[in-house]
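The structure presented is a predicted model; accordingly, all values stated were derived computationally and were not measured. So that the names make sense, note that chain A is the first sequence line, chain B the second, and so on, each numbered from 1.
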There are 2 protein chains.
Amino acid sequence: MKNLGNKIEILYNLCRDKQLKITPQRVEVYKALLASGDHPSAETVYAKVKKNLPNISLDTVNRTLNTLSLIGAAFVVEGSGDVRRFDGNLENHQHFKCVKCKKIFDFKHNAFENIEVPEELRHKFKVLRATVYIEGLCQSCLEKENKIQSN
Amino acid sequence: MKNLGNKIEILYNLCRDKQLKITPQRVEVYKALLASGDHPSAETVYAKVKKNLPNISLDTVNRTLNTLSLIGAAFVVEGSGDVRRFDGNLENHQHFKCVKCKKIFDFKHNAFENIEVPEELRHKFKVLRATVYIEGLCQSCLEKENKIQSN
DNA sequence: AACTATATAGTAATTAAAACTATTTGTCAA
DNA sequence: TTGACAAATAGTTTTAATTACTATATAGTT
C-alpha cells in the first residue's frame with residue numbers, strides 16, 4: 001500500500017470535517033483496512049488491529065468500520081452486509097438499495113440491460129449475472145438524516 | 001402477479017431438468033416468493049408459507065430458497081447474504097463475487113467507470129455509489145462443482 | 001489542567017443461517 | 001397399485017454475526 005501517510009491524512013481531514021474525534025482505535029482500524037488488499041470482514045480487521053491494540057473490542061471495530069463508511073473513508077462491499085434477500089423476478093431489472101434502511105427498489109433502464117462482461121472475466125470465471133447496482137439514501141431516510149452520528 | 005400458472009410450470013420443468021423432486025414445500029415457497037412483489041428474506045417467506053403449510057420449518061424455507069437460486073428460478077439480491085465486508089480502496093473499480101465461496105475479486109474496466117445514473121433516480125434518491133456488479137463462480141469453485149445438490 | 005461530550009471496553013442480547021438426525025415423502029419400476 | 005429407496009423435511013440445536021447496553025476513559029477545547 002503506497003502513500004499510507006497520505007491516506008491517514010485523508011482520515012484526519014474527514015474526521016475533522018465531520019467533527020469526529022481522531023482516536024487511536026479509528027486510526028488503527030483504518031490502517032488495518034488499507035493494509036489488507038482484499039475485502040475484510042469486521043472479524044478480520046479485529047484480528048489485525050488486536051496486534052497493536054490488544055484490548056480493543058469487536059464492537060468498536062464494527063462501529064468504527066461503520067463510521068468510516070459513513071464519512072466516505074471506506075465503503076461496504078455490495079453483496080454483503082444484509083440478510084439474504086431473494087428475488088423471483090427474472091426479467092431484466094436493476095436494484096437501488098438504501099444503505100440506511102436496506103430497502104431495495106427496482107428500476108428499469110435500457111442502457112443497463114445488456115452489460116458487456118469484459119473478455120478477461122468471461123475467461124476467468126463463469127459469469128451468472130451482471131447488473132448495475134446503485135446505492136444511496138432513499139427519500140424517507142434522507143429526510144431523517146441530519147448529521148452523521150458515529151455512536 | 002400475472003401468469004402464475006406459467007411460472008409454476010417453469011418451476012416444474014426446472015426441477016425435472018435438475019432431477020429435483022417437486023414437493024409441496026418447494027411449490028409453496030416459490031409461489032410465496034412470486035407473490036411478494038418485493039425482495040423478501042427467508043423469514044418473510046416463511047411467514048407467508050406457514051399459512052398454507054402450518055408446520056413447514058424455517059430451515060426448509062431457507063434451503064428451498066437456496067435451491068431455487070441454484071436452479072435459476074430466483075436469485076439472491078446483490079447487497080445481501082454475506083457478512084459485511086469493507087473496502088478501503090476508493091479508486092474506481094468493480095467487483096466480481098463468487099456466489100459459492102463468497103470471495104470478491106476486484107477488476108477494472110474503463111467502460112464501467114462512468115455509469116450514468118438515470119435522471120429519474122437522481123431525482124428520487126441521493127445516489128452515493130453506482131457500480132457494475134458481476135457474480136458467478138470462481139475457478140476453484142467451478143472445478144469442485146459437478147451437480148447441484150439441494151440438500 | 002480541567003471540563004464535557006464523545007468514544008470505548010467488556011459483556012450480554014439478538015438475530016440469521018447452518019448443521020444434524022429421525023421421520024416422511026416423491027419417484028420410479030415391477 | 002404397490003413397494004422400495006433416495007431425497008427432502010420437521011424439529012431442534014449450534015454456530016456465527018451484529019447490535020445493544022453501561023460504566024469508564026479520553027480527545028478536543030476552554
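- Map B/Gln25 and B/Ala42 each onto its nearest nucleotide of DNA chain C; the residue landing nearer the 5' end is B/Ala42.
- Minimum interatomic distance between B/Lys48 and B/Ala32 (heavy atoms only, all atoms of both residues): CD-O, 3.9 Å.
- Judged purely by atom type and a 3.5 angstrom limit, A/Lys108 uses its side chain to pair as donor or acceptor with the backbone of A/Asn92.
- The CG atom of A/Leu53 sits 14 Å away from the C1' atom of C/dA7 (whole-angstrom rounding).
- Summarising the geometry, the separation between CG on A/Asn55 and P on D/dA23 is reported as 20 Å, rounded to the nearest angstrom.
- Nucleic acid contact for A/Pro24: sugar-phosphate only, since backbone atoms but no base atoms lie under 4.0 Å from a heavy atom of the residue.
- Here A/Arg63 does not reach the OP1 or OP2 of C/dA7: none of its side-chain N or O atoms lies under 4.0 Å away.
- Going from atom OH of B/Tyr133 over to atom CZ of A/Arg129 covers 7.5 Å, rounded to the nearest 0.5 Å.
- Here D/dA8 presents its P atom at 14 Å from CD1 of B/Ile56, a figure rounded to the nearest Å.
- Using a 4.0 Å heavy-atom cutoff across all strands shown, A/Asn62 reaches at least one base atom of the nucleic acid.
- D/dA17 atom P lies 14 Å from atom CG of A/Leu65, rounded to whole Å.
- The NZ atom of A/Lys50 sits 10 Å away from the C1' atom of C/dA9 (whole-angstrom rounding).
- Other residues, nucleotides and ligands contribute more than 12 heavy atoms inside 6.0 Å of the CD atom of A/Glu113.
- Atoms CG (B/Leu58) and P (C/dT14) sit 18 Å apart, rounded to a whole Å.
- Backbone-only engagement by B/Ile22 is indicated by non-hydrogen atom pairs under 4.0 Å involving sugar-phosphate atoms exclusively.
- Heavy atoms from other residues, nucleotides or ligands lying under 6.0 Å from NZ of B/Lys50 number more than 12.
- Spacing between atom CG of B/Asn66 and atom P of D/dT9 amounts to 12 Å, rounded to whole angstrom units.
- Counting only heavy atoms from C-beta on, B/Leu20 has its side chain closest to D/dA8 among D/dA17, D/dA8, C/dA18.
- Between A/Arg84 and C/dA18 there is a side-chain polar atom (N or O) within less than 4.0 angstrom of OP1 or OP2.
- Closest approach to the B/Ser57 side chain among C/dA5, C/dA9, D/dG11 is made by D/dG11 (side chain taken as heavy atoms from C-beta onward).
- Between the side chains of A/Thr67 and A/Thr64, no donor-acceptor pair is found at a separation under 3.5 Å.
- Whole-Å rounding puts the B/Asp82 CG to C/dA16 P distance at 16 Å.
- Distance from the side chain of A/Asp59 is smallest for C/dA9 among the nucleotides D/dA27, D/dA8, C/dA9.
- In terms of phosphate contacts, B/Gln19 brings no side-chain nitrogen or oxygen within less than 4.0 Å of OP1 or OP2 of D/dA7.
- Nearest nucleotide to the B/Thr64 side chain, out of C/dA17, D/dA8, D/dT9: D/dT9.
- Between B/Val61 and B/Lys21, the residue whose closest nucleotide on DNA chain D is further toward the 5' end is B/Lys21.
- Listed pair A/Thr60 / C/dA9 meets the phosphate criterion, a side-chain N or O lying under 4.0 Å from OP1 or OP2.
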